[in-house]
Amino acid sequence: MDDVLLRMRGIVKQFPGVRALDGVDLDVAAGQVHCLLGQNGAGKSTLIRVLAGAHRPDEGQITWAGEEVSFSSPSAAIQRGIATIYQELDLVPGLSVADNLYLGHEKATAGFVHRGAQGAAAQQVLKKLGHPEIPVGREVGRLSAAQQQIVSLARALARDARLIVMDEPSAVLAHDEVENLFRVIRDLIAEGVAVVYISHRLEEIRQIGDQVTVLKDGRTVATGLPARSTPTADLVSLMTGRRVEYLFPARDEAPVFPEEFLLKVDGLGLKGSFEDVSLTVRPGEIVGLAGLVGAGRSEVLETIYGARRRTSGSVVMDGRELPAGSVRAAVKAGMGLAPEERKSQALLLGEPVARNVTLASLPRMTKGLPGWLDRRRERTTAQEATSGLEVRPADVTRPVRTLSGGNQQKVVLARWLLGSTRLLLLDEPTRGVDVGARSEIYALVRRLADAGMGVLLVSSEVPEVLGLADRVLVMREGRVVHTAPAGELDEHRVLDLVMEGIVR
């Protein structure tokens, strides 16, 4: 195409023992959204780091605006008009919003920053993004995750970027925030800016994308596919190398559960977050909590688990009320939590897979004197647990940070399968997980339920809640506003319920 802004040909990048990129090709046109798809480990992150100047390619050619280039550093790429918004945001928490926006290209004279002019300019950029309410003088570390995502995008706009790479930009955004993000992207491409958009959510690709490139095992397996008309089954097949339907495990249309409750929550409240939440979970039942980010769903799970101290109500497990704010009591009662932010809340990233799997069962891993860890037993136990879940790679001595998002999530699940867990709390179980691993996690959750485990699930993706849960509770502004069997709801009905009273 004549309007190609970026052309990458035969890009190769090798790390010790790993050929991360093996001849990748990518063309991105000005004024278009080019979507980059692939499973975790396919090479997407490495490719965008090469483009951003964070990695030097071992082989290949990069042409930018018709000129062959080689970016020696991220600042070199930025100076040429390429801005990257990483999934793991690289903002400076201790600096203000305005300072983050203009870091490295401050509005200054003779070394003196013009704070007023810089603040005013930052305010204009945020206004363009539809977020004038974000205080430009506030430290970024004090903002919410969604606000930090907006600041990262604002920083790219403040640099007059001609190409913006967005890596999973919607992962921490609510439904209305995603719509606002798409509005901004459409405005950008109307001005001739190019966007490379990376997401595991195929429905987003349909909404915002123009063309699609698919990577698998470090290679380009398809490029230039029309984003809106390429069948989902074809995209999944290209990503995984096999036909994987983006479907949920079969469930009974009219499931029958035991009469007794495994979990009974009555009038649960957490001041400033949610109130009067009542729900039940029976053995073998999957109950889903649907709602917008900020509706209080995650807080409900954390309060049930004892990570937050409830201000009202009761949590009863197997007929016994649990004390408020006691994780120890919840775990002892047979409860396990896979939290939303697995990297910061569930995993010890520098520790091996084995240690992360056995973390909740360490007393069983001892020998001889109390406190003496039997490392061989720990490794063997972890190996058995992870092999059943097909965690890849299979080496349990490997640091857990080196695993893909889907395999990290399996490690968290394996931890709770070791003990006497009877109720599993899942918060955004497939966030940042590719479509192939999603199918495996869905199948695993259904198998656990079929074996008698109760599951309480939170997800921002309405199709996920409806496809996996037996019964759904819809939350809005800290309250449960509707309860129904999943089969009686559809995505439009759920969205109407969560938006009712918020949007008139």
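Just so it is clear, the model here is predicted, and its values are computed rather than measured.
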Under 30°, 30 to 60°, or over 60°: which ring-plane class applies to Trp416 and Tyr305, parallel, tilted or perpendicular?
->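 Plane angle over 60°, so perpendicular.
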
For [Y], does its backbone N or O pair with a side-chain atom of [X] as donor and acceptor, under 3.5 Å?
X	Y	result
Asp266	Ser278	no
Glu260	Arg282	no
Arg206	Thr230	yes

Which value, rounded to the nearest 0.5 Å, describes the distance between Thr483 atom OG1 and Leu489 atom CG?
-> 9.5 Å

Determine, for [X] against [Y], whether the closest basic-nitrogen to carboxylate-oxygen distance falls under 4.0 angstrom.
X	Y	answer
Arg438	Glu461	yes
Arg342	Glu428	no
Glu302	Arg297	no
Arg310	Glu321	yes

Are Arg49 and Tyr86 in a cation-pi setup, meaning NZ or CZ lies under 6.0 angstrom from the ring centre and within 45 degrees of the ring axis?
-> yes

How about Phe261 and Asp318: do any of their side-chain heavy atoms sit closer than 4.5 Å?
->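 Not touching, per the 4.5 Å side-chain cut-off.
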
Can you tell me if CZ on Arg186 sees more than 12 non-hydrogen neighbours from other groups inside 6.0 Å?
->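 Result for CZ/Arg186: enclosed.
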
Residue Arg219 excluded, over 12 heavy atoms near CZ under 6.0 Å =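 It does not: Arg219 CZ has 12 such atoms or fewer within range.
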
From the list Asp167, Leu153, Ile198, side chain to side chain contact (heavy atoms under 4.5 Å, CB included) partner of Ile85 resolves to Leu153

List for me each residue that meets side-chain hydrogen bond (donor to acceptor under 3.5 Å, both in side chains) alongside Glu204, sequence neighbours excluded, and say none if there are none.
->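 Glu204 satisfies side-chain hydrogen bond (donor to acceptor under 3.5 Å, both in side chains) with Ser170, Tyr197, Ser199, Arg201 once adjacent residues are dropped.
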
